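These notes are about the structure you will find just below.
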Amino acid sequence: MATSSFISTRLSSGPSIHTPISKKNKLSTKIMAVMTPQTSDRKPSTTGSVKTGMTMTEKIFARASERTQLSPGENVWVNVDVFMTHDICGPGVIGVFKREFGDDAKVWDREKVVIIPDHYIFTSDERANRNVDIIRDFSNEQNIKYFYDITDRGDFKANPDYKGVCHIALAQEGHCRPGEILVGTDSHTCTAGAFGQFATGIGNTDAGFVLGTGKILLKVPPTLRFVLDGEMPDYLLAKDLILHIIGEISVSGATYKAMEFVGTTIETLSMEERMTLCNMVIEAGGKNGIVPADATTFKYLEDKTSVSYEPVYSDAQAGYVAEYRIDVTKLEPLVAKPHSPDNRGLARECKDIKLDRVYIGSCTGGKTEDFLAAAKLLLASGDKVKVPTYIVPATQKVWMDLYTLPVPGSGGKTCWQIFEQAGCNSPNSPSCGACMGGPLDTYARMNEPQVCLSTTNRNFPGRMGHKEGQIYLASPYTAAASALTGFVTDPRDFLH
Amino acid sequence: MATTASLANPNTFSSTITHRQQPPASISTFNAFTSTKQPSFKTLISHKTPTVIRHASVIAAAAASDSPSSAPATSFHGECYVVRDNIDTDQIIPAEYLTLVPSKPDEYKKLGSYALVGLPESYETRFVETGEYRTKYPIIIAGDNFGCGSSREHAPVALGAAGAVAVVAESYARIFFRNSVATGEIYPLESEVRVCDECKTGDVVTIELEKSVLINHTTGKQYALKPIGDAGPVIEAGGIFAYARKAGMIPA
């Protein structure tokens, strides 16, 4: 557990905090390309002492590859700080690891490997269950320090180690730290960029390599900078911000690039909101998302990790591929319409879309604050939902919060009490749930061609099960509002 | 060239690919050519000859049992299967099949049977026929952002297990591209133009890897491809591990 003295050391000796460029009040949503002019004819690599500015992503790569300077496009071997895998990729990773390094090989560092069953847990599918056994056997054999096991599928609460959704568990268990390199066998590993670190998804083979060597060959990505300013309207959430951005740049707009989020709005976001933002970077094709660490980050980490960390910040003269400036006060609640996360639409313009169900869950929209937001809107309305509304908390901790945390302004009611009063389904066991469909008996899987609005991250054909299912992606506010009407609904209908 | 003669007949090619995907029982890996324990493997790779293809060398292996000795070819040939833009990994291999573990040979084979089964019903021709494990289309032609979405390595693996040898897309999502190279399962090639608009499923095509060109024999048109570059030697070696051993990064 961290002691407060460690935090004060961190801040007093601290790195220069990156101050965002001061903002004027009315900023347009114009997209500008900004390239810093080269200040010297000498290339950095020719003179060791000459340094050009680096973005925070580049700095993390530099430190992890033990270099003082590098530029986007360079391929470098980096040291991995944390490696994560789960139940559907873990067995494949283990297979590669043993095949390539030998049956008796040991992982490079038993304290840097985090194994989190979370995808296909509450199912009777035999192979899925076997896969959890495989990762358990490996964790025992390797004496893996962090293996969040589940043995009793009938009652998740009977498993004290079990956490739930890997990306949320990583954060809650203190495995995400500024300045570090985190790789995981899941595309939404980019969520951890919210902590000012480099985090990205990799496949089984790369992962097997990391398990054995603790290193990975990566290309330094150039950075897209997103400056979000303005006071966050009370009907918007981070989900709306990222849907706006993806709609703006498309599902391949950030391919091979880092997405750096700065600005006065970002500074006011909580850690969970920053996680939502970074979570969907992959939906724009991004290599990683990143938010500079600040007091909010340090406070969150205070009671979660005792490992020391050193945040990095982009230099003022760092080079970016492009800079996008967004005035959040001009944004409205959004949806991503079927069948692509970049098929952006205004929630209010989709009010004729009839829904069959609403799903609130996943790493994107199943965190404590996501449920608090949904509960807040349901409370404001006082009505009952018109369609089946599925509640799937991401982790055990989130589940507990649903039943214990008072919802602000409710006179002490918990999220669950409000959900129950509104007629939502009881919260289901924490896991990835139906976000990606899963085995046929997965709770809330879409097995018929229905129309669903969800707080999840993808809506490609067949994503939640049925190929002809239609999925609208939205924020928890929009999800709650839509559940109340049975149609896609702008949350302002209830929040004002 | 003997190999060219065999390539002229697509049926021969398909059966050769079958051979590639079913390694001899003595080799524990599912890919016969990732193992550097076979000394003959080294003799296949000549750094003077650009982009030696292990697939073509398997064609030679099929003819000459375990010791490939014929000059390696650098082309793929067969019918192509055409898809559109943003084919995400859920369409390439739906989530319900992810319980199959790619490093287990029998499950690897099963993954092949589900390759591209997530495509919508508007795709009238299936990539792999129901009840089959292999495709008759060794080459896939796609639009933009092929392989977007989830990082599941099961995606290039399913394609490779089904018998695809190369994808020619306008562009790729990066994790899919990386996984294709790391596993050595398929060549993720990039076209300069929208080839998917000019080819139809069933067109007979040839890819000349050395010349970075795609020839559609059915339409008579040719298309330039971007050279595979640094990824080539990795795929050619059989994936990142085999390559790392060759390069001395990890002990052989």
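The shown structure was predicted, so the numbers you read here are calculated from the model rather than taken from an experiment. A, B, ... follow the sequence lines: proteins, then strands. Residue 1 opens every chain.
Only the side chain of B:Ala244 has a heavy atom closer than 4.5 Å to any heavy atom of chain A. Looking at A:Asp87, neither its backbone nor its side chain comes within 4.5 Å of chain B, counting heavy atoms on both sides. Residue A:Leu440 touches chain B through its side chain alone, counting heavy-atom pairs closer than 4.5 Å. Heavy atoms closer than 4.5 Å to chain A are found in the side chain of B:Ile175, but not in its backbone. Heavy-atom distances place no part of A:Thr442 under 4.5 Å from chain B, backbone and side chain included. Proximity to chain B (any heavy atom under 4.5 Å) is restricted, for A:Tyr120, to the side chain, taken from C-beta onward. Within the 4.5 angstrom heavy-atom criterion, atoms from both the backbone and the side chain of A:Lys287 approach chain B. Looking at A:Ile282, the atoms closer than 4.5 Å to chain B (heavy atoms on both sides) all sit in the side chain, from C-beta outward. Only the backbone of A:Thr185 has a heavy atom closer than 4.5 Å to any heavy atom of chain B. Within the 4.5 angstrom heavy-atom criterion, atoms from both the backbone and the side chain of B:Leu100 approach chain A. Interface remark: A:Thr255 contributes side-chain atoms only to the contact with chain B (heavy atom separation under 4.5 Å). Of the two parts of A:Asn131, only the side chain, counted from C-beta on, holds a non-hydrogen atom closer than 4.5 Å to a non-hydrogen atom of chain B. For a residue to count as touching a neighbouring chain, one of its non-hydrogen atoms must lie under 4.5 Å from one of that chain's; by this rule A:Glu126 does not touch chain B. Contact of B:Val117 with chain A is made through the backbone alone, with heavy-atom distances under 4.5 Å.
Between A:Tyr256 and B:Phe177, the ring planes lie perpendicular to each other; the angle is over 60°, past the 30° to 60° tilted range. Taking the six-membered ring where the residue is Trp, B:Phe241 and A:Phe209 present tilted rings, their angle falling between 30° and 60°. Between B:Phe176 and B:Tyr172, the ring planes lie parallel to each other; the angle is under 30°, not in the 30° to 60° tilted range.
The choice from A:Gly95, A:Ser187, A:Gly438, A:Gly212 that makes the most heavy-atom pairs within less than 4.5 Å of chain B is A:Ser187. Among the candidates A:Arg458, A:Arg445, A:Lys98, the residue making the largest number of heavy-atom pairs closer than 4.5 Å to chain B is A:Arg458. Each of A:His119, A:Arg130, A:Arg463 has some count of heavy-atom pairs under 4.5 Å with chain B, and the biggest count is that of A:Arg130.
A side chain to side chain contact (heavy atoms under 4.5 Å, CB included) with A:Val80 is found for exactly one of A:Ile202, A:Val210, A:Leu182, A:Asp109, namely A:Val210. Applying the side chain to side chain contact (heavy atoms under 4.5 Å, CB included) test between A:Phe83 and each of A:Ile216, A:Val114, A:Val93, A:Thr189 identifies A:Val93 as the sole match.
Considering all non-hydrogen atoms of both residues, B:Ala115 and B:Ala158 come closest at CB-O, 3.6 Å. Closest approach of A:Met259 and A:Ala284 over heavy atoms only: SD-CB, 4.2 Å.
In this structure, B:Glu129 does not pair ionically with B:Lys136, as no charged nitrogen and carboxylate oxygen lie closer than 4.0 Å.
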Would you please test B:Val181 and B:Ile240 for side-chain contact (heavy atoms from CB on, under 4.5 Å) and show each step? CA-CA 7 Å; B:Val181 175; B:Ile240 191 176; over 6 Å; no
Does A:Thr200 form a side-chain hydrogen bond (donor to acceptor under 3.5 Å, both in side chains) with B:Arg174? I'd like the steps, not just the answer. CA-CA 11 Å; A:Thr200 199; B:Arg174 62 161 283 275; 3.3 Å; yes
